[in-house]
Amino acid sequence: MGLIQAIRGMNDILPNEIAWWQRVEQTARMVMEDFGYYEIRTPVLEKLELFARSIGESTDIVEKEMYAFADRKGDLVSLRPEATASIVRALIQHNLHADPLVRKFYAIGPMFRHERPQKGRYRQFHQIDVEAFGVDDPMLDAEVIYMLRLFLERLGLVGVVLHLNSLGCPSCRSSYRILLQSYLADHAETLCPDCERRRHTNPLRVFDCKVERCQSVLGDAPILGDSICEECASHFARVKSYLSQLQTPFLVNPRMVRGLDYYMRTTFEVITDQLGAQNAIGGGGRYNGLVKDLGGPDIPGIGFAIGMERLILLLQQNQQVGTPSPRIFVAALGEASRTRGFLLLQELRKEGLAADMEYEGRSLKSQMRRADKLAAQHVVIIGENELSRGEAQIRDMINKTQNVLSLDRIVPTLLEMCGKDRKSSNG
RNA sequence: GUGGGUGUAGCUCAACGGUUAGAGCACUGGGUUGUGGCCCCAGAGGCUGUGGGUUCGAGUCCCAUCACUCACCCCA
C-alpha cells in the first residue's frame with residue numbers, strides 16, 4: 001500500500017487486544033501499591049547525555065540503539081531506551097530522596113530502541129518499571145524479587161524461571177575481570193569473532209554468547225561468584241536466604257550478565273522458553289553507584305523492568321480474556337420509533353448502562369443479528385405499534401423471552417435487571 | 001547492521017507464464033408484513049505492497065524498493 005503506515009517496529013494496539021493491556025496494568029498498579037510504590041511519570045525525551053552516562057557509553061543500547069537526534073536548538077536528545085535513568089534524574093532534580101515516605105516508584109510507558117524488529121522485540125515497546133532507593137539491605141533485594149514473582153503469579157503466568165546472580169561490586173568485579181581476561185586470552189583462537197572483540201571491550205558479555213565453541217571454552221572459565229569479596233558474598237547469601245524463606249524459587253545462574261553497566265551485586269531475569277529468541281520478559285538488579293554518578297547523593301538503588309509486549313504474548317498463549325460487559329441493544333422500526341429509541345438509548349447510558357443501537361434504519365432481522373453479535377443481554381424493541389400505544393418490548397436474549405412494558409418503565413426495569421453488575425467487566 | 005522466508009478481498013489462504021484472479025470466514029440483503037444464533041439463496045467487496053524490466057501475454061519470471069516475519073546480534 002502506498003499509504004502512510006506506522007513506523008517500522010511501532011505497533012498500534014487495537015481495541016480487540018486492549019483488554020490484555022488493561023488487565024496487566026491494573027494488576028501491576030494493585031501489586032506495586034500494596035508494596036508501597038508510588039507512580040511516577042517522566043518525559044519520553046531526555047538529554048542524550050543522561051542515557052550515555054547511566055547506561056554506559058560502550059553498551060549496545062547507547063552505541064547503536066538509541067533514537068537520538070539534535071533538536072531545533074541543536075541540543076542532543078534521545079527517546080528513552082529504558083526508564084531507570086529518567087527516574088534517577090527526577091529523584092535528584094526534585095530531591096525526592098529527602099522524603100522518607102516516597103522512595104519507591106513505579107512507571108508504565110513506552111521505551112524506544114532502534115533494533116531490527118522480531119518476535120517480542122519492537123522499536124517502541126512498553127515497560128512496567130520499578131525502582132526503590134535508599135536501602136542497601138538484602139531484605140529489599142528479596143522483597144523486590146518477591147514482588148515481581150507475585151505480580152506474575154497474580155496474572156496467572158506459568159512456565160517462567162527466575163535467574164539470579166551477583167555481579168559483585170566495582171572493586172571485586174574489576175579483579176575478576178582481569179582473571180577472566182587472561183583466561184580468555186589463553187583460549188583466544190577458539191572464540192568466535194564477536195567474542196574475540198568482546199574479550200577486550202566487555203569480557204563478561206562472552207558468557208551471553210550462544211556459539212557452542214565459546215560455551216565449551218567457558219566451561220572451565222573462572223566464575224565470578226568465586227571471586228567476589230566477602231561483603232558481596234554475604235549480601236548475596238542473605239538475598240538467597242530471604243527468597244527461600246519467601247518460598248520464591250530461583251536458579252542461580254553465574255553466567256547471567258546484564259547489558260547495562262550500572263548493575264552491581266544482585267541481578268535477576270525472568271526467562272521463558274515460549275517466546276523464541278526473546279526469552280527475557282523482565283529483568284533488573286541493584287545499582288548502588290548510579291545516583292551518585294548522575295550527580296546526586298550517594299544512595300543505593302534497585303529496580304527491574306518488565307516487557308509488556310512479551311508478557312502479553314505469553315499470557316495470550318495460555319489464557320483468554322472475555323469481552324466486556326452487559327449490553328442492551330435498542331431496535332427500532334420506523335422514523336418516529338427510531339427517534340424515540342435514540343432518546344431512550346441516551347437515557348440508558350446516562351444511568352450507566354452499556355447500550356447501543358443500529359443507527360441506519362435496517363430491517364428488524366438485521367438489528368437482531370447485530371444485537372446478537374454484540375452479545376447483548378436485552379433488546380428493547382420499539383415498533384410503530386408499540387410506539388402508538390406508548391409501549392416497548394424487552395427481549396431477554398439468553399432466555400429468549402419477551403414482554404411488553406410501557407415506555408416510561410423501560411429504564412427503571414433495565415436498571416433493576418442489570419443494575420447489580422453494570423460496572424463489572426469480566427477481564 | 002547481516003541473513004532466510006512471506007506480501008493476492010476486512011481475515012485465513014488458492015490460482016501450470018495464457019479468457020473476466022477464486023474459496024472459506026466476516027459483511028449486506030432476502031428466504032419469515034416486525035424478531036438473533038443453525039440452514040438455504042443472492043450481493044457487495046481487488047491498481048495481486050510499490051516501481052521498473054523480460055515477454056505476443058506477468059499474480060506467476062528478473063531487479064529494485066517498502067513492509068511483515070523468523071533468526072543472528074542485543075535485550076524487555
Side-chain angles (χ1 to χ4, degrees), chain A residues 1-11 14 16 55 59-65 80-84 108-130 148 192-195 197-198 202 205 208-211 256-260 263 268-272 275-284 303-314 329 331-334 337 358 360 362-387 392-402:
Chain A
M1 299 177 190
L3 291 171
I4 297 171
Q5 297 183 23
I7 292 175
R8 178 164 210 201
M10 305 206 176
N11 302 118
L14 300 174
N16 63 8
I55 297 168
T59 58
D60 282 8
I61 293 176
V62 170
E63 272 184 353
K64 47 190 193 193
E65 293 172 5
R80 62 184 183 191
E82 57 112 37
T84 305
I108 300 175
M111 307 295 157
F112 305 84
R113 290 184 203 172
H114 194 108
E115 300 177 271
R116 188 88 159 243
Q118 184 180 332
K119 183 173 189 178
R121 188 174 80 183
Y122 311 101
R123 289 185 173 179
Q124 174 174 333
F125 60 102
H126 297 76
Q127 288 187 338
I128 297 166
D129 194 81
V130 165
L148 171 57
C192 73
D194 277 334
C195 287
R197 180 176 46 82
R198 284 190 278 238
N202 199 340
R205 201 66 71 69
D208 272 344
C209 188
K210 282 161 195 159
V211 177
M256 185 180 68
V257 181
R258 296 189 47 78
L260 291 81
Y263 287 120
F268 50 94
E269 245 173 58
V270 176
I271 309 278
T272 174
L275 275 188
Q278 306 305 319
N279 63 357
I281 74 158
F304 65 80
I306 296 163
M308 295 180 75
E309 280 82 357
R310 289 180 187 180
L311 178 57
I312 287 168
L313 275 172
L314 259 188
F329 195 86
L333 286 166
S337 303
E358 168 65 66
E360 293 183 338
R362 298 187 195 280
S363 69
L364 182 58
K365 176 177 188 160
S366 166
Q367 296 186 59
M368 293 301 289
R369 275 189 190 154
R370 174 62 52 91
D372 189 55
K373 285 273 156 55
L374 292 173
Q377 291 173 2
H378 303 277
V379 177
V380 179
I381 301 167
I382 310 174
E384 276 154 355
N385 300 338
E386 286 85 356
L387 187 65
Q393 311 222 26
I394 295 186
R395 181 174 178 82
D396 182 321
M397 294 295 276
I398 293 148
N399 301 324
K400 304 185 199 178
T401 56
Q402 192 166 317

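The chains referred to below are lettered A, B, ... by the order of the sequence lines, with proteins before strands, and numbering in each begins at 1.
- Within the 4.5 Å cutoff, no side-chain heavy atoms of A:M368 are placed close to those of A:S363.
- Distance from the side chain of A:R8 is smallest to B:rA67 among B:rA67, B:rU35, B:rC73.
- Among the protein residues, A:I281 comes within range of the sugar-phosphate backbone only, with heavy atoms under 4.0 Å from sugar or phosphate atoms but none that close to a base.
- Looking only at side-chain heavy atoms (C-beta outward), A:R113 and A:I61 come within less than 4.5 Å of each other.
- Taking only side-chain nitrogens and oxygens, A:R116 never comes nearer than 4.0 Å to OP1 or OP2 of B:rG3.
- Nearer to the 5' terminus of RNA chain B, by closest-nucleotide assignment, is the contact made by A:G276 (compared with the other of A:G284 and A:G276).
- For the C1' atoms, the distance from B:rU33 to B:rC47 is 45 Å, rounded to whole Å.
- Within the 4.0 Å cut-off from OP1 or OP2 of B:rC75, not a single side-chain nitrogen or oxygen of A:Q278 is found.
- Across all strands, A:K365 comes closer than 4.0 Å to base atoms (heavy-atom distances).
- You'll find that the side chain of A:D372 is closest to B:rG36, out of B:rG30, B:rG36, B:rC72.
- Considering only side-chain atoms of A:R121, the nucleotide from B:rU35, B:rA76, B:rA71 that sits closest is B:rA76.
- Within the nucleic acid shown, A:K373 comes within 4.0 Å of sugar-phosphate atoms alone, with no base atom in reach, counting heavy atoms only.
- A:R310 places no side-chain N or O within 3.5 Å of a backbone atom of A:K119 that could act as its donor or acceptor partner.
- Using a 4.0 Å heavy-atom criterion, one finds that A:A371 contacts no nucleic acid atom at all.
- If you take CZ of A:F112 and C1' of B:rC75, they are 17 Å apart, rounded to a whole angstrom.
- Looking only at distances, a side-chain donor or acceptor of A:E309 sits under 3.5 Å from a matching main-chain atom of A:H126.
- Spacing between B:rA21 and B:rC39 at atom P, rounded to whole Å, works out to 30 Å.
- Among the protein residues, A:E269 comes within range of no part of the nucleic acid, since none of its heavy atoms lies under 4.0 Å from any strand.
- Minimum atom distance to the side chain of A:R370 is reached by B:rC27, of the listed B:rC27, B:rG29, B:rA76.
- The CD atom of A:E358 sits 12 Å away from the P atom of B:rC27 (whole-angstrom rounding).
- Here A:R113 lies in heavy-atom contact (under 4.0 Å) with a base.
- Residues A:L275 and A:E65 both approach RNA chain B. Their nearest nucleotides, taken by heavy-atom distance, put A:L275 toward the 5′ side.
- Remark: B:rG3 base-pairs with B:rC70; criterion is Watson-Crick or G-U wobble with both hydrogen-bond distances under 3.5 Å.
- Considering all non-hydrogen atoms of both residues, A:Q367 and A:L333 come closest at NE2-CD2, 4.3 Å.
- Counting to the nearest Å, the C1' atom of B:rA76 and the CG atom of A:D60 are 15 Å from each other.
- For the P atom pair drawn from B:rC68 and B:rU28, the interatomic distance equals 31 Å after rounding to whole Å.
- The side chain of A:S363 contributes no N or O atom lying less than 4.0 Å from OP1 or OP2 of B:rU35.
- Note on A:S366: only backbone sugar-phosphate atoms sit closer than 4.0 angstrom, heavy atoms only; bases stay farther off.
- Residue-level contact check: A:G334 touches neither bases nor backbone, having no heavy atom under 4.0 Å from any strand.
- The residue A:Q124 sits apart from the nucleic acid: no heavy atom pair falls under 4.0 Å.
- Using a 4.0 Å heavy-atom distance criterion, A:I381 is classed as a base contact.
- In this structure, of B:rC73, B:rU35, B:rA71, it is B:rA71 that holds the atom nearest to the side chain of A:K119.
- Side chain of A:R123 to main chain of A:F112: no donor-acceptor pair is present (N/O by atom type, distance under 3.5 Å, no hydrogens or angles).
- Within the 4.0 angstrom heavy-atom criterion, no nucleotide atom of any strand lies near A:Q367.
- Only the C1' atoms considered, B:rA14 is 13 Å distant from B:rU48, to the nearest whole Å.
- Among the nucleotides B:rC75, B:rA71, B:rA76, the one closest to any side-chain atom of A:N279 is B:rC75.
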